**Student:** 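I'd like to ask you about the structure that follows.
The structure displayed is predicted, hence computed values, not measured ones.
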Amino acid sequence: MSRRRLPALAFRVGHAPSPTASPARFVPASVPGAVQLDWAAAEGWPSYTVADEWKRYGWMEDVFWWYEASLDGLKVAPGERAFLVLRGVDYRYRVLVDDEVVHEQEGMFASAE
(Lines give C-alpha, C1' and ligand atoms only; values in the text may rest on other atoms or scores of the structure.)
Protein backbone atom coordinates (compact mmCIF):
# COMPACT_ATOMS: atom_id res chain seq x y z
CA MET A 1 0.00 0.00 0.00
CA SER A 2 1.39 3.38 -0.94
CA ARG A 3 0.95 6.48 1.18
CA ARG A 4 0.64 10.08 0.15
CA ARG A 5 0.06 13.20 2.17
CA LEU A 6 -3.18 15.00 1.43
CA PRO A 7 -3.40 18.79 1.48
CA ALA A 8 -3.64 20.28 4.97
CA LEU A 9 -7.09 20.89 6.35
CA ALA A 10 -8.15 24.42 7.26
CA PHE A 11 -8.94 24.26 10.97
CA ARG A 12 -10.79 26.70 13.17
CA VAL A 13 -11.25 26.66 16.93
CA GLY A 14 -13.91 27.82 19.37
CA HIS A 15 -14.82 27.31 23.01
CA ALA A 16 -17.94 26.34 24.92
CA PRO A 17 -18.86 26.04 28.60
CA SER A 18 -19.50 22.27 28.41
CA PRO A 19 -18.54 19.36 26.13
CA THR A 20 -22.09 19.16 24.78
CA ALA A 21 -22.49 22.88 24.03
CA SER A 22 -21.48 24.31 20.67
CA PRO A 23 -19.11 27.27 20.42
CA ALA A 24 -20.74 30.62 19.69
CA ARG A 25 -17.73 31.69 17.64
CA PHE A 26 -14.82 30.09 15.81
CA VAL A 27 -11.49 31.64 14.83
CA PRO A 28 -8.75 30.36 12.47
CA ALA A 29 -6.50 27.76 14.08
CA SER A 30 -2.97 26.54 13.45
CA VAL A 31 -2.57 22.77 13.65
CA PRO A 32 -0.33 21.81 15.27
CA GLY A 33 -0.62 24.78 17.57
CA ALA A 34 -2.22 26.02 20.77
CA VAL A 35 -5.78 27.18 21.31
CA GLN A 36 -4.58 29.97 23.59
CA LEU A 37 -2.30 31.45 20.94
CA ASP A 38 -4.91 31.10 18.18
CA TRP A 39 -7.56 32.84 20.30
CA ALA A 40 -5.14 35.59 21.35
CA ALA A 41 -4.15 36.22 17.71
CA ALA A 42 -7.81 36.49 16.68
CA GLU A 43 -8.47 38.95 19.50
CA GLY A 44 -5.35 40.99 18.70
CA TRP A 45 -3.84 40.49 22.16
CA PRO A 46 -0.18 41.25 22.78
CA SER A 47 2.12 38.36 23.70
CA TYR A 48 1.40 36.70 27.03
CA THR A 49 5.04 37.32 27.90
CA VAL A 50 4.51 41.11 28.03
CA ALA A 51 3.91 42.55 31.51
CA ASP A 52 0.80 40.98 33.03
CA GLU A 53 -0.86 39.97 29.74
CA TRP A 54 -0.77 36.35 30.93
CA LYS A 55 -3.79 37.16 33.12
CA ARG A 56 -6.03 37.25 30.03
CA TYR A 57 -5.44 33.53 29.53
CA GLY A 58 -6.64 32.12 32.87
CA TRP A 59 -10.23 31.43 31.81
CA MET A 60 -9.03 29.29 28.92
CA GLU A 61 -8.34 26.35 31.25
CA ASP A 62 -12.00 26.20 32.33
CA VAL A 63 -13.75 25.84 28.97
CA PHE A 64 -14.05 23.10 26.35
CA TRP A 65 -12.28 23.71 23.05
CA TRP A 66 -13.53 22.53 19.68
CA TYR A 67 -11.39 22.20 16.57
CA GLU A 68 -13.33 22.00 13.35
CA ALA A 69 -12.35 21.31 9.75
CA SER A 70 -14.40 20.62 6.63
CA LEU A 71 -13.73 17.48 4.63
CA ASP A 72 -15.74 18.75 1.65
CA GLY A 73 -12.67 19.28 -0.53
CA LEU A 74 -11.04 15.95 0.34
CA LYS A 75 -10.34 14.02 -2.85
CA VAL A 76 -9.80 10.28 -2.41
CA ALA A 77 -9.63 8.01 -5.44
CA PRO A 78 -11.72 4.84 -5.65
CA GLY A 79 -10.08 2.11 -3.60
CA GLU A 80 -8.15 4.59 -1.47
CA ARG A 81 -8.77 5.46 2.17
CA ALA A 82 -7.99 8.69 3.99
CA PHE A 83 -6.66 8.66 7.56
CA LEU A 84 -6.63 11.43 10.13
CA VAL A 85 -3.47 10.96 12.19
CA LEU A 86 -3.43 12.65 15.60
CA ARG A 87 -0.25 13.09 17.59
CA GLY A 88 -0.08 14.83 20.94
CA VAL A 89 -3.68 16.04 21.31
CA ASP A 90 -4.06 17.50 24.79
CA TYR A 91 -5.42 15.76 26.95
CA ARG A 92 -8.83 14.18 26.69
CA TYR A 93 -10.66 14.47 23.39
CA ARG A 94 -13.33 13.17 21.03
CA VAL A 95 -13.27 13.07 17.25
CA LEU A 96 -16.63 13.58 15.57
CA VAL A 97 -17.54 13.10 11.92
CA ASP A 98 -20.95 14.47 10.99
CA ASP A 99 -21.78 14.82 14.71
CA GLU A 100 -20.99 11.14 15.40
CA VAL A 101 -18.18 10.22 17.82
CA VAL A 102 -15.70 8.03 15.91
CA HIS A 103 -12.87 8.09 18.46
CA GLU A 104 -12.29 9.07 22.11
CA GLN A 105 -9.01 9.12 23.96
CA GLU A 106 -7.36 10.33 27.13
CA GLY A 107 -3.62 10.92 27.33
CA MET A 108 -1.64 13.18 25.04
CA PHE A 109 1.34 10.90 24.43
CA ALA A 110 -0.48 8.23 22.41
CA SER A 111 -1.16 8.84 18.75
CA ALA A 112 -4.41 7.85 17.09
CA GLU A 113 -5.38 7.07 13.49
Side-chain angles (χ1 to χ4, degrees):
M1 174 189 330
S2 66
R3 294 182 136 207
R4 66 182 170 94
R5 183 175 289 268
L6 296 171
L9 298 174
F11 282 92
R12 58 190 201 146
V13 67
H15 61 85
S18 76
T20 56
S22 296
R25 176 177 165 222
F26 283 91
V27 299
S30 297
V31 174
V35 293
Q36 297 90 337
L37 299 180
D38 290 332
W39 198 262
E43 293 294 316
W45 296 351
S47 172
Y48 66 90
T49 61
V50 174
D52 63 352
E53 288 297 322
W54 59 272
K55 293 178 181 178
R56 291 185 195 235
Y57 294 74
W59 63 270
M60 294 180 177
E61 299 300 322
D62 298 322
V63 297
F64 294 84
W65 291 95
W66 291 66
Y67 279 96
E68 185 174 89
S70 173
L71 301 177
D72 289 342
L74 184 64
K75 303 286 188 232
V76 180
E80 290 185 330
R81 296 187 304 167
F83 289 86
L84 175 64
V85 179
L86 303 171
R87 294 190 180 108
V89 178
D90 182 23
Y91 170 77
R92 184 174 18 182
Y93 64 93
R94 287 187 217 149
V95 177
L96 291 85
V97 175
D98 293 330
D99 295 324
E100 180 182 332
V101 176
V102 296
H103 182 75
E104 291 185 76
Q105 188 164 308
E106 185 170 339
M108 66 184 289
F109 297 109
S111 62
E113 241 181 54

**Student:** Once you round to the nearest 0.5 Å, how far does CZ of Arg87 lie from CD of Glu113?
**Tutor:**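 Reported to 0.5 Å precision, the distance equals 8.0 Å.
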
**Student:** Any heavy-atom pair between the side chains of Val63 and Pro17 that's under 4.5 Å?
**Tutor:**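 Heavy-atom side-chain distance check fails, nothing below 4.5 Å.
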
**Student:** Go through the steps to decide whether Arg25 and Glu68 satisfy the test salt bridge (Lys or Arg N to Asp or Glu O under 4.0 Å), and finish with yes or no.
**Tutor:** CA-CA 11 Å; Arg25 176 177 165 222; Glu68 185 174 89; over 6 Å; no

**Student:** Do His15 and Trp59 come within less than 4.5 Å of each other through their side chains, counting heavy atoms only?
**Tutor:**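 Touching, per the 4.5 Å side-chain cut-off.
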
**Student:** Once rounded to the nearest 0.5 Å, what's the spacing between atom CZ of Phe64 and atom CZ of Arg94?
**Tutor:**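 With rounding to 0.5 Å, CZ (Phe64) is 9.0 Å from CZ (Arg94).
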
**Student:** Do any N or O atoms from the side chain of Glu61 and from the backbone of Gly58 form a donor-acceptor pair under 3.5 angstrom?
**Tutor:**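 The answer is no, because no donor-acceptor pair under 3.5 Å joins these two groups.
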
**Student:** Is the shortest side-chain heavy-atom distance between Leu74 and Asp72 below 4.5 Å?
**Tutor:**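 No. Closest side-chain heavy atoms not under 4.5 Å.
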
**Student:** Okay, side chain of Ser18, backbone of Ala21: is any donor-acceptor separation there less than 3.5 Å?
**Tutor:**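 The answer is yes, because a donor-acceptor pair under 3.5 Å joins these two groups.
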
**Student:** Inspect the surroundings of OH in Tyr67 and state if more than 12 heavy atoms from other residues, nucleotides or ligands are less than 6.0 Å away.
**Tutor:**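 Check passes, neighbour count above 12.
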
**Student:** By side-chain hydrogen bond (donor to acceptor under 3.5 Å, both in side chains), which residues pair with Arg56, not counting sequence neighbours?
**Tutor:**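 Expected list: Glu53.
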
**Student:** Give the cluster check for Phe11 versus Trp39: same hydrophobic cluster or not, with ILVMFWY residues linked at side-chain heavy-atom distances below 4.5 Å.
**Tutor:**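 Yes.
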
**Student:** Please determine whether side chain to side chain contact (heavy atoms under 4.5 Å, CB included) holds for the pair Met60 and Trp65, giving the CA-CA distance in whole Å, both sets of side-chain angles, and the decisive distance to 0.1 Å.
**Tutor:** CA-CA 9 Å; Met60 294 180 177; Trp65 291 95; 3.9 Å; yes

**Student:** Check Ala110 against Gln105 and note the closest heavy-atom contact, atom names and distance.
**Tutor:**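 Scanning both residues, the minimum pair turns out to be O-NE2, 2.8 Å.
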
**Student:** Please identify which of these residues, Leu96, Val95, Leu84, Val97, meets the side-chain contact (heavy atoms from CB on, under 4.5 Å) condition with His103.
**Tutor:**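 So the option named by the test is Val95.
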
**Student:** Are Leu86 and Val102 connected in the hydrophobic side-chain network, where two residues link if heavy atoms are under 4.5 Å apart?
**Tutor:**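 Result: yes, single cluster for both.
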
**Student:** Not counting sequence neighbours, which residues clear side-chain hydrogen bond (donor to acceptor under 3.5 Å, both in side chains) with Asp52? List them please.
**Tutor:**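 Partners of Asp52 by the side-chain hydrogen bond (donor to acceptor under 3.5 Å, both in side chains) criterion come out as none, since no residue qualifies.
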
**Student:** Tell me whether Glu106 at atom CD has more than 12 heavy atoms from other residues, nucleotides or ligands lying less than 6.0 Å away.
**Tutor:**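 Yes, the 6.0 Å shell around CD holds more than 12 heavy atoms from other groups.
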
**Student:** Locate the shortest heavy-atom distance separating Ala16 from Pro23; write the atom from each residue and the value.
**Tutor:**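 So the two residues come closest at CB-N, 4.0 Å.
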
**Student:** Going hydrophobic residue to hydrophobic residue with side-chain gaps under 4.5 angstrom, can you get from Val89 over to Leu71?
**Tutor:**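 No, it is not one cluster - the side chains of Val89 and Leu71 are not joined through contacts under 4.5 Å.
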
**Student:** Nearest 0.5 angstrom please: Ser70 OG to Arg12 CZ, how far?
**Tutor:**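 Reported value, rounded in 0.5 Å steps: 9.5 Å.
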
**Student:** Ring centroids only, cut at 6.0 angstrom: are Trp66 and Phe26 within range, meaning strictly under it?
**Tutor:**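 No, the ring centres sit 6.0 Å or more apart.
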
